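The figures that follow rest on heavy atoms only: side chains count, while hydrogens, waters and symmetry mates do not. If you're wondering where the values come from, they're calculated on a predicted model, not measured in any experiment.
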Amino acid sequence: MTAPDVHAPAADVLRAAGLRVTEPRVAVYDALRRSPHASADAVFAAIAEGLPSTSIQSVYNALGDFAEAGLVRRIEPAGRSMLFELRVDDNHHHLVCSVCGAVEDVDCVVGHAPCLQPGESHGFTLQSAEVTFWGVCPACAVAES
Ligand SMILES: [Zn+2]
Ligand SMILES: [Zn+2]
């Protein structure tokens with residue numbers, strides 16, 4: 001699968017991925033461009049004003065279709081809402097603030113999956129490794145001190 005062109009209009013990206021171009025899908029895709037690592041609720045909040053007829057369900061549907069088409073990646077920090085991002089073409093990892101939930105991308109150290117080798121693979125063929133680094137973001141560190 002070739003990675004979608006992040007600068008192409010959303011409609012072109014959807015079409016290239018074999019998806020029918022609809023207004024909600026375009027709005028959801030553009031919302032993810034503006035805010036990477038957005039939850040479905042955040043996407044809905046971002047597009048609701050411009051598309052008052054959109055339901056949260058249609059946002060979930062669009063995100064599900066994107067995931068199936070390889071356009072979005074889902075990340076699930078423990079205890080937080082599932083987040084969606086358009087950066088699918090590498091094996092990058094995440095820093096998550098344990099106070100406010102802010103998420104930052106960090107590049108994979110070796111540049112390709114799997115980033116890490118376990119000490120014992122139990123005969124598994126390894127495909128990927130996802131690392132979540134937990135900590136306190138600079139803004140929360142300032143607020144706490
Ligand atoms: Zn924070
Ligand atoms: Zn990311």
Main-chain N/O of A38 paired to S35 side chain as donor or acceptor, under 3.5 Å: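 Pair absent, no side-chain N/O of S35 close to backbone of A38.
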Does any part of the side chain of [Y], heavy atoms only, come nearer than 4.5 Å to the side chain of [X], both counted from C-beta?
X    : Y    : value
V110 : C108 : yes
E23  : I47  : no
R15  : L19  : no
V72  : Y29  : no
V136 : S98  : yes
V26  : L14  : yes
T132 : H93  : no
R25  : V28  : no

Positive for side-chain hydrogen bond (donor to acceptor under 3.5 Å, both in side chains) with E85, one of H37, R74, R33: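 It is H37, the one option of H37, R74, R33 that forms the side-chain hydrogen bond (donor to acceptor under 3.5 Å, both in side chains) with E85.
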Residues, nucleotides or ligands: over 12 heavy atoms within 6.0 Å of E120 CD: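 Yes, the 6.0 Å shell around CD holds more than 12 heavy atoms from other groups.
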E49 atom CD, neighbour heavy-atom count above 12 within 6.0 Å: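 Check fails, neighbour count at 12 or below.
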Salt bridge (charged side-chain N to carboxylate O under 4.0 Å, His left out) evaluation trace for D107 with R87: CA-CA 11 Å; D107 289 340; R87 189 176 167 188; 2.5 Å; yes
Side chain to side chain contact (heavy atoms under 4.5 Å, CB included) assessment of S128 paired with L126: CA-CA 6 Å; S128 64; L126 296 175; over 6 Å; no
Linked, directly or transitively: L95 and V131 (ILVMFWY side chains, under 4.5 Å):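 Both belong to a single hydrophobic cluster.
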